[in-house]
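Along the sequence shown, residues carry numbers from 1.
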Amino acid sequence: VLGETISALLDECKSDLASVVGVGLATPGPLSLREGRIIHAANLPGWRDVPIREALANPLGLPVVLENDGNAAAFGEHVAGAGLGCQHLVVLTLGTGVGAGVIVDGRILHGHFDNAAELGHMIVVVDGLPCPCGQRGCLERYSSADAIVRRSLGTAAVRERGRNVSPPLVGGAQAGAIPQTAAEVADGAEKGDTLCAQVWDDACKYLAVACVNIQHAFNPQRILLAGGLSLAGDMLLDPVQRHLHAQAWKLHTDLPEIALAKLGSDAGVIGAAALAFRSLPSPA
Ligand SMILES: [Zn+2]
C-alpha cells in the first residue's frame with residue numbers, strides 16, 4: 001500500500017523515482033530508530049514490530065530516514081515554521097491525543113531508548129484518569145480534543161441532572177445544546193456557556209502545568225501549540241499563558257514564549273523530508 005501511495009504521489013508531482021534522493025518517514029511510535037522498526041503504532045491496527053525502514057529502502061533502493069511523527073512535526077516547525085531560529089523548541093500537537101517533539105541545540109531529542117518527548121504521557125494528575133498507555137493522569141487525558149469532548153459529555157450529564165441549579169446556558173448552536181466536538185466547546189466557552197468555559201479552562205490549566213514542567217526539563221525558548229485545538233487561536237493561547245504565569249516559578253524570568261504552530265498537518269511531512277535531506281552525504 002505504501003508503494004502504491006508513493007507511486008501516486010510521484011504521479012501527482014509529475015515526477016519519478018529517479019529524481020528522488022531519499023525518503024523521510026514519520027510514523028507514530030514507539031519506534032526503534034536504530035533498527036528502523038515500528039514497535040507498536042497504537043493508531044495503526046496490526047502495526048506491531050514492523051521493520052519499516054528495510055521494507056521501504058530495499059524495493060526503492062533509496063535511503064529511508066524513520067522518525068516519530070511528533071518529532072518530525074517539531075523539526076518541521078524548527079526548519080520552516082513558527083520555530084524558525086529557535087535552537088531550543090518544544091511542539092505540542094493537540095489532537096485526538098497529545099503528540100510532542102523536543103528540539104535541543106537544534107537537534108531532535110531522542111533519548112537512550114529513542115522514545116524521549118512523549119509529553120502527552122507526562123503525568124499531570126497523580127492517580128488521575130486512566131490512559132490506554134497504562135498510566136494514570138496523562139496530559140492527553142486532560143488537554144487533547146478527545147479529552148475535552150469526553151469531559152464535556154460528562155458535564156452534559158451533570159447539566160441534565162442539575163439544570164435547575166446550573167447557571168443558564170447560552171453557548172453552542174442553541175441554548176443548552178450539548179457540544180459534540182472540542183470546537184463546539186470552545187465556541188460555547190467564547191459565548192459565555194459556563195460549563196463549556198469550565199471544561200475549556202481546565203484543559204488550558206493542565207496544558208499550562210505541562211508547560212511549566214517542560215520549562216523546567218528543557219528550558220526552551222518557545223513552546224508551540226499545534227494540532228486541531230490550536231485552531232482556537234487566542235481562545236487557547238490566552239488562558240494557557242494566564243495559567244502559566246500563575247503557576248510558574250518566581251525564581252527566574254526564563255518562561256518560554258507560548259505561540260501557535262504555523263505548518264498545520266504539513267509539519268510532519270516537511271520535517272521528515274528535511275531530515276531525509278540532512279541525512280544525505282554532503283556533496284564533495
Ligand atoms: Zn498515557
Side-chain angles (χ1 to χ4, degrees), residues 1-81 83 89-93 95-104 106-121 133 224 226-228 261-282:
V1 176
L2 277 174
E4 286 168 21
T5 307
I6 290 170
S7 299
L9 280 174
L10 287 171
D11 286 347
E12 202 179 307
C13 301
K14 297 186 174 35
S15 188
D16 56 35
L17 208 52
S19 56
V20 178
V21 292
V23 176
L25 185 67
T27 87
L31 311 171
S32 167
L33 297 179
R34 260 156 287 192
E35 296 171 15
R37 191 179 283 275
I38 295 173
I39 294 169
H40 183 185
N43 300 328
L44 302 172
W47 283 64
R48 276 175 182 265
D49 204 23
V50 179
I52 187 76
R53 189 163 60 205
E54 268 180 38
L56 266 182
N58 289 346
L60 292 175
L62 289 167
V64 173
V65 174
L66 178 65
E67 188 52 82
N68 168 289
D69 53 359
N71 291 345
F75 198 70
E77 293 288 346
H78 167 64
V79 296
L89 176 75
V90 174
V91 178
L92 296 174
T93 302
T96 51
V98 175
V102 175
I103 306 290
V104 175
R107 298 168 69 92
I108 295 172
L109 179 74
H110 286 120
H112 179 70
F113 298 99
D114 292 340
N115 290 308
E118 286 288 352
L119 301 179
H121 299 283
C133 77
L224 298 179
K262 263 190 193 158
L263 301 178
S265 54
D266 290 339
V269 177
I270 292 169
L275 287 164
F277 268 114
R278 197 166 279 203
S279 73
L280 297 173
S282 47

Working for side chain to side chain contact (heavy atoms under 4.5 Å, CB included), residues Thr27 and Asp69: CA-CA 5 Å; Thr27 87; Asp69 53 359; 5.9 Å; no
His110 vs Asn71, side chain to side chain contact (heavy atoms under 4.5 Å, CB included): CA-CA, chis, key distance, verdict: CA-CA 9 Å; His110 286 120; Asn71 291 345; 3.8 Å; yes
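For residues 28-76, the set of pairs meeting the ring-ring contact (aromatic ring centres under 6.0 Å, His included) definition, not counting sequence neighbours, comprises Phe75-His78. Applying the salt bridge (Lys or Arg N to Asp or Glu O under 4.0 Å) rule to pairs touching residues 108-120 yields Arg34-Asp114, sequence neighbours excluded. Judged as a salt bridge (Lys or Arg N to Asp or Glu O under 4.0 Å), the pairs with a partner in residues 36-65 (not counting sequence neighbours) are, in order, Glu35-Arg37, Arg37-Asp49. Judged as a salt bridge (Lys or Arg N to Asp or Glu O under 4.0 Å), not a single pair has a partner in residues 9-25 (not counting sequence neighbours).
With contacts defined as side-chain heavy-atom distances shorter than 4.5 Å, the pair Ile108/Ile103 qualifies.
To the nearest 0.5 Å, atoms CG (Leu224) and CG (Leu89) are separated by 5.0 Å.
Listed by chain and number, the residues in a side-chain contact (heavy atoms from CB on, under 4.5 Å) with Ile39 are Ser32 (sequence neighbours excluded). Applying the side-chain contact (heavy atoms from CB on, under 4.5 Å) rule to Ser265 yields no partners; only residues at least two apart in sequence or on another chain are considered.
Residues Val91 and Ala226 share a closest heavy-atom pair of CG1-CB, 4.1 Å. Annotation for Ile270 and Ala80: closest pair CG2-CB, 4.1 Å, computed over non-hydrogen atoms. Across Gly111 and Ala116, no two heavy atoms sit closer than the pair N-CB, 3.8 Å. Closest approach of Leu119 to Ala100, counting heavy atoms only: CB-CB, 3.7 Å. Of all heavy-atom pairs spanning Ala72 and Ala26, the tightest one is CB-CB, 3.6 Å.
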